[in-house]
Asker: 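The following block contains the structure, expressed as C-alpha cells.
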Amino acid sequence: MSQGNGGGPEAVQALKRRIRELAEARDAVIISHYYCVPDVHDVADFVGDSLGLSQEARRSPRKVVVFCGVHFMAETASILCPDKTVLLANLDAGCPMADMITPEALSKRREELPGVPVLTYVNSSAAVKAHSDICCTSANVTAVMRSLEGDRVLMTPDRNLAMRTQTLVPDKEILLWPGFCPTHHRVNLAEVKKLKEEHPEALVLAHPECQPKILAEAHVVGSTSGIIKACLESDRREFVILTEQGVIYPLRKQRPDKVFLEPATPMVCPNMKKNTLEDVLKALETLTPVIKVPEEIRIPALRAVERMMAVPRD
Ligand code: 13P
Ligand code: SF4
C-alpha cells in the first residue's frame, strides 16, 4: 500500500531498504502496533499489541526504539526502558480515549471514593497510570480485576471494557469512567447483523472496546492478539473482524486461503494511520521526537504496570 509518498512501488521499496539500513546503523529496533499501515508492518522488527510491543522494547538489546503507534504506547515503552531512546514515529499520533481522562480529574474522583482501588487500562497517559493502583490490558483484565481486594473498583478510562469485565467478574461492583474508543464505539449493529446473515458460517470476533450490543453478536471477544490467535487456531473459513482493520493484514498474509470480512463502515484508527514510512525514516535520521517520561511520573506509573505484570494469567 502506498502512503502518499508520491512514489511508485519501486520508490516505496527503496524507502523500506533505506529505513532498514538506517535502523542497523542507529542500533534501532522498529516496533509497530497491528493498527498501523501495512507498509509500516513491513519495515518493523516486531508487530504486536500495545503491551507486547513495550515488553519487546525492553527485551531488545538495541539502544533506540522507534515506536509506530500512539503516544501512550511510546510512553509505556519509556516507562519500561528508561535507558533507551524511545522515539514515536509521528508525534501527532494520540489516542482520543486516553485523552478522556486526566490525572487531575482522576485525583478528584479518588477523593470521592476513599479506599476504592483504581484499575486503569494501559490505553492511558503515564500521568494517569501514576495516579492508579494497577493497570490492565484487554487480555488480562479479568485476572487483574479478580486479584484486587475489596468489593468495589473504579475502572478507567474505557467504560465498554469495564462493562464487559463486570459481566465476567460479577462479584465486584465496577465503577465506570465515561471514556471510550471512537473507532470501536461507533461500530454499527445493523452492519454487523447484515454480515452475519450474509455469512452464517463466519466466526465473529470483537475487541472489548466495542459496545455491549456489538459484543453480544460476537463468538469471540478478545484483545488484538487474542483475535489473531483465535482466527489462526480456528478451522472456519470466514471471519468477521470487529476491531481496527490493521489486524487483517497479518491475518491475510498468514492465511491467504481464508476470508476476513469487515463492517461496511471500515474500522479505522486515524491516529495509528498517521505513522508513515517517511516518519520512520525521519525519526531514524534525526533521532526525534523523543518520548521521555519524567522520573517523578515514571516511578509510580511503573509500579502500577509492574503490579499488573505480577498477576498470573487466568
Ligand atoms: P491492544 O492492547 O489489544 O493492542 O489494543 C490497543 C488498542 O488501542 C485498542 O484500541
Ligand atoms: Fe485509541 Fe481507539 Fe485508536 Fe486504540 S483504536 S489507539 S483506543 S483511538
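Every number for a ligand or one of its atoms is a count from 1 in the order of the listing.
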Asker: Using a cut-off of 2.8 Å, how many protein N, O or S atoms lie below it in distance from atom 2 (Fe) of ligand 2?
Answerer: 1
Asker: In Å, rounded to the nearest 0.5 Å, how long is the span from CG of Leu195 to CD of Glu238?
Answerer: 10.0 Å
Asker: Go through ligand 1 atom by atom and flag the ones less than 4.0 Å from a non-hydrogen atom of His184.
Answerer: 10 (O)
Asker: Provide, to 0.1 Å, the distance between atom 9 (C) of ligand 1 and the closest protein heavy atom, together with that atom's residue and name.
Answerer: Glu209 OE2, 3.0 Å
Asker: What is the nearest protein non-hydrogen atom to atom 5 (O) of ligand 1, stated with its residue, atom name and distance?
Answerer: His207 NE2, 3.6 Å
Asker: So for Tyr34, does at least one of its heavy atoms come nearer than 4.0 angstrom to any atom of ligand 1?
Answerer: no
Asker: Minimum heavy-atom separation for Gly94 and Val70, please, with both atom names.
Answerer: O-CG1, 3.4 Å
Asker: Would you mind telling me which of His207, Gln211, His185 makes a side-chain hydrogen bond (donor to acceptor under 3.5 Å, both in side chains) with Asn160?
Answerer: His185
Asker: Hey, what's the ring geometry for Phe239 with Phe260, parallel, tilted or perpendicular (30° and 60° as the breaks)?
Answerer: parallel
Asker: Does a salt bridge link Asp42 with Lys253, judged by any charged N lying under 4.0 Å from a carboxylate O?
Answerer: yes
Asker: May I ask you to check whether His184 and Thr243 show a side-chain donor-acceptor distance below 3.5 Å?
Answerer: yes
Asker: Check ligand 1 against Ser138 and write out every atom of the ligand that is under 4.0 Å from a heavy-atom position of the residue.
Answerer: 3 (O)
Asker: Side chain, backbone, both or neither: which applies to Met97 and ligand 1 if a contact is any heavy-atom pair less than 4.0 Å apart?
Answerer: neither
Asker: Examine the proximity of ligand 1 to Ser50 and report which part, side chain or backbone, both or neither, has a heavy atom under 4.0 Å away.
Answerer: both
Asker: Using distance alone, decide if ligand 1 has a nitrogen or oxygen within less than 3.5 Å of any nitrogen or oxygen in Tyr121.
Answerer: no
Asker: State plainly whether the residues Glu112 and Arg109 are in salt-bridge range, i.e. N to O under 4.0 Å.
Answerer: yes
Asker: Rounded to the nearest 0.5 Å, what separates atom NZ in Lys273 from atom SG in Cys36?
Answerer: 7.0 Å
Asker: Any side-chain donor paired with an acceptor under 3.5 Å for Glu209 and Tyr121?
Answerer: yes
Asker: Tell me which protein heavy atom sits closest to atom 6 (C) of ligand 1, plus the residue, atom name and distance to 0.1 Å.
Answerer: His33 NE2, 3.7 Å
Asker: For the 3.5 Å polar cut-off, considering only N or O atoms, please tell me whether Ser223 and ligand 1 meet it.
Answerer: no
Asker: Would Lys229 and Glu233 pass as an ion pair if we require N to O under 4.0 Å?
Answerer: yes
Asker: Should one rank Tyr121, Phe72, Tyr35, Phe180 by closest heavy-atom distance to atom 5 (S) of ligand 2, which comes out on top?
Answerer: Tyr35
Asker: If you measure from each heavy atom of Asn123 to ligand 1, is any distance below 4.0 Å?
Answerer: yes
Asker: Could Arg62 and Glu24 be called an ion pair, given the rule that one side-chain N must be under 4.0 Å from one carboxylate O?
Answerer: yes
Asker: Using a 3.5 Å distance criterion without hydrogens, assess whether the side chain of Lys129 forms a donor-acceptor pair with backbone atoms of Ile297.
Answerer: no
Asker: Check whether any N or O atom of Ser225, backbone or side chain, sits under 3.5 Å from an N or O atom of ligand 1, and answer yes or no.
Answerer: no
Asker: Would Glu244 count as a contact of ligand 1 if the rule is a heavy atom under 4.0 Å away?
Answerer: no
Asker: Taking both backbone and side-chain atoms of Thr224, is any N or O found less than 3.5 Å from an N or O belonging to ligand 1?
Answerer: yes
Asker: Measure the spacing between OG1 of Thr156 and CG of Leu161 and express it to the nearest 0.5 Å.
Answerer: 10.0 Å
